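In this chain, residues are counted from 1 in sequence order. Keep in mind it's a predicted model, so treat the numbers as computed, not measured.
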Amino acid sequence: ELVPNIFASPVFNYAWYELSSRLVQGGSMTDRDIVQRDQLYGTGLELGWLTVIGPALFTAEYNFSDQQMNYSLHLGYTF
């Protein structure tokens with residue numbers, strides 16, 4: 001905690017995915033599969049504080065795969 005009820009955390013995310021779909025040619029679906037595999041990863045900083053409605057988290061991350069910033073804000077408890 002930086003000060004009471006306020007905290008900061010470094011963030012690192014990594015994901016590997018495989019996407020499979022059917023090839024469409026001339027408006028018709030074929031029996032041929034197209035498989036795409038890739039990795040996503042990024043790093044950032046998360047700031048949080050405790051509020052009367054629960055924890056609030058703001059995250060700023062840089063996605064190295066897409067070379068762009070991502071932001072998120074979470075308020076309250078997860079149910």
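F7 is listed as a side-chain neighbour of L57, based on a closest heavy-atom distance under 4.5 Å. Proximity of W49 to N5: side-chain heavy atoms (C-beta onward) are nowhere separated by under 4.5 Å. Between Y62 and Q67, the closest side-chain pair of non-hydrogen atoms falls below 4.5 Å.
Heavy-atom minimum distance, T43 versus V11: OG1-O, 2.9 Å. Between A8 and L47, the shortest heavy-atom contact is CB-CD2, 3.6 Å. Contact between S20 and V35 at its shortest, heavy atoms only, is OG-CG2, 4.1 Å. Among all heavy-atom pairs drawn from P55 and Y77, the shortest one is CD-CE2, 3.5 Å. In terms of heavy atoms, A60 sits closest to M69 at CB-CE, 4.3 Å.
M29 and I34 are assigned to two separate hydrophobic clusters, defined by single-linkage of ILVMFWY side chains at heavy-atom distances under 4.5 Å. By the criterion of side-chain heavy atoms lying less than 4.5 angstrom apart, applied directly or through intervening Ile, Leu, Val, Met, Phe, Trp or Tyr residues, L75 is grouped together with Y71 in one hydrophobic cluster.
Annotation for R22: atom CZ counts as buried by contact number, over 12 foreign heavy atoms lying within 6.0 Å.
Within the model, atoms CG of D38 and CG of L19 stand 10.5 Å from one another, a figure rounded to the nearest 0.5 Å. From T30, atom OG1 reaches atom CG of L23 across 4.0 Å, with rounding to the nearest 0.5 Å. Within the model, atoms CH2 of W16 and CZ of R37 stand 6.0 Å from one another, a figure rounded to the nearest 0.5 Å.
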